[in-house]
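Here is the naming used below: chain letters follow the sequence lines, and residue numbers restart at 1 for every chain.
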There are 2 protein chains.
Amino acid sequence: MTPTPSAIDADLHPVRRTPITRADLLDAALRLIGPHRSVSSLSLREVAREAGIAPNSFYRQFRDVDELAVALIDVAGQSLRKIVGAARHRAEAEHGVVRGSVEAFIEQVRADDKLLHVLLREGTVGSDAFKRAVDRELGFFEDELHHDLVRFAKLRNRPMAEPALAAKAITRLAFAMGATALDLPPERDAELVDQLTTMVRMILVGAQAMPK
Amino acid sequence: MTPTPSAIDADLHPVRRTPITRADLLDAALRLIGPHRSVSSLSLREVAREAGIAPNSFYRQFRDVDELAVALIDVAGQSLRKIVGAARHRAEAEHGVVRGSVEAFIEQVRADDKLLHVLLREGTVGSDAFKRAVDRELGFFEDELHHDLVRFAKLRNRPMAEPALAAKAITRLAFAMGATALDLPPERDAELVDQLTTMVRMILVGAQAMPK
DNA sequence: TGTACATCAGTGAACGCGCGTTCACTGATGTAC
DNA sequence: TGTACATCAGTGAACGCGCGTTCACTGATGTAC
């Protein structure tokens with residue numbers, strides 16, 4: 001049997017198999033992350049193993065695991081922006097703006113749980129670069145929310161004291177509650193949605209009632 | 001020079017020096033913890049080294065580092081209860097209840113920073129036992145706050161919708177903001193106090209304004 | 001079209017290290033007689 | 001008060017392991033002539 005090099009059996013050759021990409025490594029890392037495995041606990045060899053490459057090949061893509069962790073935040077950020085989009089879309093549909101947004105948020109947490117682990121529960125541990133990257137993403141979320149709050153306040157002619165602060169409070173609260181959702185069985189999502197909805201309403205009502 | 005065993009030079013003997021305690025190991029662990037070292041990253045050998053004992057002596061006090069981590073939560077919990085006490089005391093003094101409590105909280109975060117690292121920023125990572133222990137302490141905080149809210153509502157005759165939920169929201173918010181305080185230079189504490197105070201007021205005002 | 005060569009994504013082997021854990025030990029202290 | 005002995009908090013040495021990192025390598029692909 002003469003080996004005929006071709007795209008089909010390319011991966012049988014000991015060398016130069018399908019080239020590995022950064023995305024492959026990010027995927028491998030995400031596969032390893034779960035309720036009991038945090039990003040900071042991943043080892044280079046472990047990720048390489050999961051991706052099916054030799055440990056040293058890792059260096060072709062990242063300087064070290066920490067650089068991968070930071071890159072992971074970007075992916076998580078995209079998922080987060082999907083959340084914001086979904087929430088805004090949902091908000092403009094029938095039921096209450098707040099409830100719709102909260103529902104979209106929690107649903108997205110469920111759907112992309114691996115990714116959101118990274119943002120929701122690991123933002124306080126890890127390297128400085130990692131923390132800064134997480135903070136940046138949270139800031140985006142906060143800004144979008146702030147913008148929305150101002151828009152709604154004008155639209156409904158219900159001015160609000162310190163909308164930026166209200167946005168920050170809601171963001172932190174949503175993330176804290178979202179983090180606990182990751183450990184909760186999905187059947188308690190409804191309860192969580194109820195709680196978070198009420199909490200957010202408290203903040204909004206309070207901000208509207210406070211001296212401007 | 002004949003060695004004369006006594007309490008004074010007891011630690012010169014190779015064996016049976018001043019006995020190590022669990023508290024000694026907890027202290028050693030706390031000394032290692034900081035903005036760049038998390039509880040979960042501590043190794044048994046590292047803690048033993050810091051405490052000045054042989055690695056295997058560690059096992060006389062704890063089954064493993066995880067058990068130490070859980071024990072650490074108890075110590076942190078005591079610090080937390082000091083916070084609550086201080087806040088309540090401060091609250092009953094001159095300036096606003098909310099502002100006084102928030103100030104006490106942030107000050108305590110500064111004073112016991114090592115301990116509160118554990119509760120504020122590592123509650124979401126770590127073993128199940130660790131997470132459960134942190135949750136328990138947060139629950140205590142929440143319950144005390146709930147109780148206080150109800151008391152104040154009656155006292156001032158300003159009833160509040162869902163005080164338990166308001167307590168939960170305030171707790172989560174305070175912890176989230178407290179966690180960011182750990183990374184902030186102390187000169188920005190005043191700003192943080194202002195922000196958190198306003199946020200908490202939003203929740204309280206909102207809870208009072210909402211249909212009971 | 002064919003040949004020579006540079007490039008570079010992958011490789012396996014090896015390194016030194018810190019780790020958790022085990023083992024058989026030592027000798028000061030407390031207790032029984 | 002002395003003596004014999006059990007207890008048990010500490011010890012040093014050793015183990016096997018997975019880790020990050022380095023090294024010189026290989027051989028398929030792309031390019032120049």
Which pairs would a plain distance check flag for residues 71-79 of chain B, meaning a side-chain donor or acceptor within less than 3.5 Å of a matching protein atom at least two apart in sequence or in another chain?
residue: B/Ser79; atom: OG; partner: B/Asp112; partner atom: OD2; Å: 2.9

Sequence neighbours excluded and cut-off under 3.5 Å, please list the side-chain donor-acceptor pairs for residues 163-184 of chain A, or say none.
residue: A/Lys168; atom: NZ; partner: B/Gln195; partner atom: OE1; Å: 3.1
residue: A/Thr171; atom: OG1; partner: A/Ala167; partner atom: O; Å: 2.7
residue: A/Thr180; atom: OG1; partner: A/Met177; partner atom: O; Å: 2.8
residue: A/Asp183; atom: OD1; partner: A/Arg121; partner atom: NH2; Å: 3.3
residue: A/Asp183; atom: OD1; partner: B/Lys131; partner atom: NZ; Å: 3.4
residue: A/Asp183; atom: OD2; partner: A/Arg121; partner atom: NH2; Å: 2.8

Euclidean distance, atom CZ of residue B/Arg60 to atom P of D/dA9 [Å, nearest integer]: 6 Å
Carboxylate-amine/guanidinium contact B/Glu107 B/Arg110, below 4.0 Å: no
Annotated protein contacts, base or backbone, on nucleotides 14-23 of chain D with a non-hydrogen cut-off under 4.0 Å, one of B, S, - each: B----BBBBB
Watson-Crick or G-U stems of DNA chain D, 3 or more pairs, under 3.5 Å, by first number: C:2-33 with D:2-33
Interatomic distance where CZ belongs to A/Arg22 and P belongs to C/dA9 [whole Å]: 13 Å
Under-4.0 Å side-chain N/O to phosphate OP1/OP2 contact, A/Gln61 with C/dC8: no
Those residues that, when tested against B/Phe62, pass ring pair (Phe, Tyr, Trp, His ring centres under 6.0 Å) (two or more places apart): B/Phe58
A/Arg88/A/Glu144 ion pair, N-O < 4.0 Å: yes
Contacts of type side-chain contact (heavy atoms from CB on, under 4.5 Å), residue A/Ser40, not counting sequence neighbours: A/Ser38, A/Glu122
Any donor-acceptor N or O pair under 3.5 Å, side chains B/Thr197, B/Asp194: no
Salt-bridge present (B/Arg37, B/Glu46; N to O < 4.0 Å): yes
